[in-house]
Amino acid sequence: MTGPAGEPTNQPVPPAEEAEAVEAADGARAASALRRAWALVVVPLGAVILAMLVGSIVILASQVFIGVEIDPTLPLVAYWAMISGGLGSFNGIVETMVQATPLVLAGLAVGVGFKAGLFNIGAQGQFLMGALAAAYVGGQLRDQPALVAVSLAVAAGAFGGLVYGFIPGALKALTGAHEVVTTIMLNFVAISISSYFVSGPLRAPRSPFAQTLDVGNAELIVLFGRNGHVGIFFALLAVPIIWWLLWRAKLGFEIRTVGANPDAARFAGMRPRRLIALTMALCGMLAGLAGSGEILGRVGHLTAPYATNVGFDAITVALLGRANPVGILFSALLLGMMKAGAGQMQIQAGIPVEIVDVIQGLILLFLAAEIIVRRLFRIREARVGLEELATVTRSYGERSA
Amino acid sequence: MRTRSIGLSLFATAAIVVAACTGGGTPAPATPAPVTPAPVTPAPATPEPKVWKIGVVTDVGTLDDKNFNQFSWEGAQKGAAAIGGEATAIVTVASADYDKNVQSFVDQKFDIIVTIGFALADATAKAAKLNPTVQFIGVDQAPCLTGAGDPDPTFTDCSGDMATLLPNFQGLVFAEQEPGYLAGIAAASITTKKVIGAIGGAAFIPPVVRYIKGYINGAHSVDPTIQVKVAYVSDDLGKAFNDPAGGKAFATQFIQQNGVDVLFQVAGKTGNGVLAAACDANIYGVGVDVDQHESTPETAKCTVTSAEKKLSIAVEQAIMRVGDGSAKGGIIGNDAKNDGIGLSKYYEFESMFSSDAQAKIQAAFDGFKAGTTDPCAPANCTDPFE
């Protein structure tokens with residue numbers, strides 16, 4: 001410090017300054033990136049926190065109605081049971097991932113739609129059609145080599161969803177029929193179609209119940225834990241692929257441009273109608289993959305009726321994740337954790353499972369009422385608004401493009 | 001602007017206060033909530049009596065559905081009280097979650113796990129094979145097992161004997177022909193036209209046929225000249241059991257064509273539409289499986305009684321068998337002998353059933369118990385179109 005320090009004083013000043021400047025610039029860039037990320041995350045995060053708070057009020061109030069002795073710690077007991085059920089053990093974590101898998105894929109199905117300015121409420125129907133196609137092909141190929149059976153069954157599921165997503169897309173492109181209306185109606189059609197096939201032509205011959213043949217070799221292999229099937233990796237893989245597609249590929253640029261302003265897109269030489277049909281087909285494919293993953297990875301056959309809520313939970317996931325693939329991944333994991341831990345919550349706290357729905361609903365409420373979250377947490381208006389919410393409101397309030 | 005901000009701040013404060021109140025207590029325990037009397041003071045001299053942990057996994061729906069879930073749950077609670085234990089329920093919300101929910105109870109080291117409804121049969125059989133020390137009770141379940149004791153969802157290889165392969169799994173089934181027979185006596189006692197009817201969901205579902213054939217035999221035991229008109233809704237199971245609107249249309253036409261004045265439904269939710277049609281046509285309806293006067297209040301005004309599976313009693317007894325160590329695995333038939341079936345209460349229709357009619361119903365029930373009355377004679381209980 002003493003001797004050699006004095007010697008090089010005049011020489012290394014410029015490099016040090018330069019390095020400092022670079023560092024400062026890096027720092028500033030990092031800080032601004034962090035700020036931007038924070039601005040994106042803060043409202044969803046606030047919504048989740050508020051939903052948990054109000055949820056705890058609901059839990060407390062529920063005790064009054066049941067007529068049990070009021071236990072003020074019950075919300076904590078319930079939340080703790082839920083979290084430890086979903087994350088407290090290896091099996092719990094695997095279950096969280098298994099639960100999150102269809103939510104990631106279906107969440108992307110809704111999120112990609114938002115990017116194109118489309119509100120895809122039809123993930124539920126697309127999910128079912130994917131499940132039906134995968135169950136059919138999987139059941140037919142149950143004795144074929146696993147590789148053939150799995151890849152064809154998954155492809156069938158993707159194709160089933162794709163076709164079912166393309167229908168509302170084409171209807172919108174050709175006739176201007178609004179996708180909110182058509183996808184809602186197509187959800188019901190999908191329930192009827194799958195019920196018909198499962199209890200009719202595709203029914204397992206000897207089964208006394210309405211279900212398709214077991215998928216046999218088309219089952220997705222379990223890689224870790226009790227039920228950590230390979231579909232988890234498909235979902236994880238889909239996140240960077242969709243991210244790349246949206247922000248690095250020409251198609252994604254066109255999708256986002258159409259979403260931002262269809263007229264501008266048309267003047268720029270893009271073809272919004274074709275893109276809308278294409279985007280809906282892509283959304284359908286993602287939801288169809290979610291359906292095939294559930295059938296091939298968890299249930300092994302399709303039943304009628306098949307109780308699921310994935311397609312609607314996906315809307316929460318997409319909004320909470322702000323239609324961003326990475327955000328969707330984390331939102332799906334959050335909801336997956338809530339679902340994985342719901343059993344333990346019921347066991348340990350005696351809280352009805354519906355509280356999970358209550359919290360989910362509250363999350364949506366607070367996302368929609370963004371201003372409440374901003375005021376409560378003293379967050380300034382961000383420059384980036386919730387574009388996907390704009391899509392939702394526009395979908396209901398305005399005539400279609 | 002300012003006032004709005006204050007209002008929101010107040011809301012925020014309220015939320016924080018509530019959070020503080022709720023959070024002020026002790027940190028949440030990692031162990032199950034202390035619903036059971038915990039051994040507070042160490043008293044090594046007297047060993048704690050075993051507190052049975054009984055878990056119930058419902059089918060998709062709610063715990064208070066006034067149907068399978070609710071009555072099985074009540075039975076589990078009664079059984080828990082009888083053997084000294086606590087019952088806890090997990091309500092299933094998605095078809096893919098059956099395994100997960102059963103596993104939740106296994107992970108929490110529950111002693112007895114009750115699963116409700118045939119849809120959970122495979123999940124229960126799988127868990128029973130993996131966890132031989134846990135006792136399983138399946139309501140309305142007769143799984144198809146392979147020789148290795150695995151459930152075969154395709155029903156191709158049903159060679160496995162449940163009693164030996166899964167000695168820890170009681171599959172509770174019900175002798176549908178017996179309550180069907182009682183319902184037949186009841187219907188024959190109140191008909192004035194001497195023409196009664198029954199609508200089944202699908203002809204190839206054995207329990208449906210057993211109900212209906214028992215009904216025919218019961219009616220004919222009162223008066224052999226009574227005509228019993230029978231129809232099945234569809235071979236499409238969705239239409240057969242899950243389509244109330246279709247059931248109502250089907251039954252409306254059926255009533256017009258056949259002129260029945262009592263109608264027995266054996267068609268699940270489709271049958272709820274059948275009861276609605278009966279009410280609209282001002283004739284009497286007879287419910288099925290559970291006490292439909294209570295479970296479907298919208299048609300209570302014409303539902304005189306129901307051919308009932310006594311789910312609560314069946315579950316309670318199955319739990320008590322575990323409690324006293326007499327439980328054996330396999331298909332456990334529930335019938336008049338263990339009060340596992342019966343006719344529901346008549347409610348406001350009590351006066352319609354003469355003491356003679358009620359005596360006949362009781363006599364038939366006693367006959368089942370004693371083995372002297374055969375509900376499957378003269379018409380057999382297997383061929384739907386005999």
Side-chain angles (χ1 to χ4, degrees), chain A residues 50 53-54 56-57 60 72-77 79-81 84-85 88-89 91 95 192 195-196 198-200 203-211 213-214 226-227 294 298-301 303-310 339-340 342-344 346-350 352-354 356 372 375-376, chain B residues 4-5 8-9 11-12 15-16 18-19 21-33 35 55 60-63 88-101 103-105 107-108 110 118-119 122 144 152-156 158 204-206 235-242:
Chain A
L50 280 179
L53 280 177
V54 179
S56 63
I57 298 173
L60 283 174
T73 64
L74 191 63
L76 271 187
V77 174
Y79 289 152
W80 177 251
S84 63
S89 64
N91 281 324
E95 186 62 46
S192 292
S195 288
Y196 166 73
V198 173
S199 59
R203 184 157 173 263
R206 287 175 205 82
S207 169
F209 319 121
Q211 61 183 45
L213 278 169
D214 194 70
R226 235 154 17 205
N227 56 354
E294 286 291 272
R298 295 184 69 201
V299 190
H301 56 254
T303 55
Y306 183 80
T308 181
N309 220 13
V310 168
K339 286 176 190 299
Q344 191 143 324
Q346 291 176 79
I347 296 175
Q348 295 189 353
V353 66
E354 283 83 4
V356 172
I372 296 180
R375 283 294 174 79
L376 282 180
Chain B
R4 210 153 36 127
S5 174
L8 286 164
S9 303
F11 176 63
I16 290 161
V18 168
C21 289
T22 60
T26 49
T31 48
V35 275
V60 174
T62 60
L63 204 52
T88 311
I90 292 183
V91 177
T92 304
V93 291
S95 294
D97 284 346
Y98 294 140
D99 293 299
K100 183 199 90 169
N101 291 343
Q103 189 62 44
S104 295
F105 282 124
D107 287 345
Q108 299 285 317
F110 272 61
F118 64 78
D122 286 1
C144 163
D152 180 0
T154 56
F155 284 78
T156 34
C158 299
F204 60 91
I205 303 290
D235 279 344
D236 171 346
L237 286 170
K239 286 195 189 118
F241 295 104
N242 226 344

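In what follows, chains are A, B, ... by sequence order, proteins preceding strands, each numbered from 1.
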Contact class of [X] relative to chain A, heavy atoms under 4.5 angstrom:
X: B/F105; value: both
X: B/V60; value: side chain
X: B/Y98; value: neither
X: B/A89; value: backbone

In terms of heavy-atom proximity below 4.5 Å to chain B, should [X] be classed as side chain, backbone, both, or neither?
X: A/P205; value: neither
X: A/A304; value: neither
X: A/N309; value: neither

Calculate, to the nearest 0.5 Å, the distance between atoms CG and CD belonging to B/D107 and A/E95 respectively. 9.5 Å
If I compare all heavy atoms of [X] with all of [Y], which pair ends up nearest, and what's the gap?
X: A/V353; Y: B/V93; answer: CG1-CG1, 3.8 Å
X: B/A96; Y: A/Y306; answer: CB-OH, 3.7 Å
X: A/Q346; Y: B/T88; answer: O-CG2, 3.7 Å
X: B/Q103; Y: A/R226; answer: NE2-NH1, 3.0 Å
X: B/S104; Y: A/G343; answer: OG-CA, 4.3 Å

Short question: side chain of B/K100, backbone of A/K339 - any donor-acceptor pair under 3.5 Å? yes
Option that, when pairs with chain B are counted at under 4.5 Å, heavy atom only, ranks first among A/E354, A/R298, A/H301: A/R298
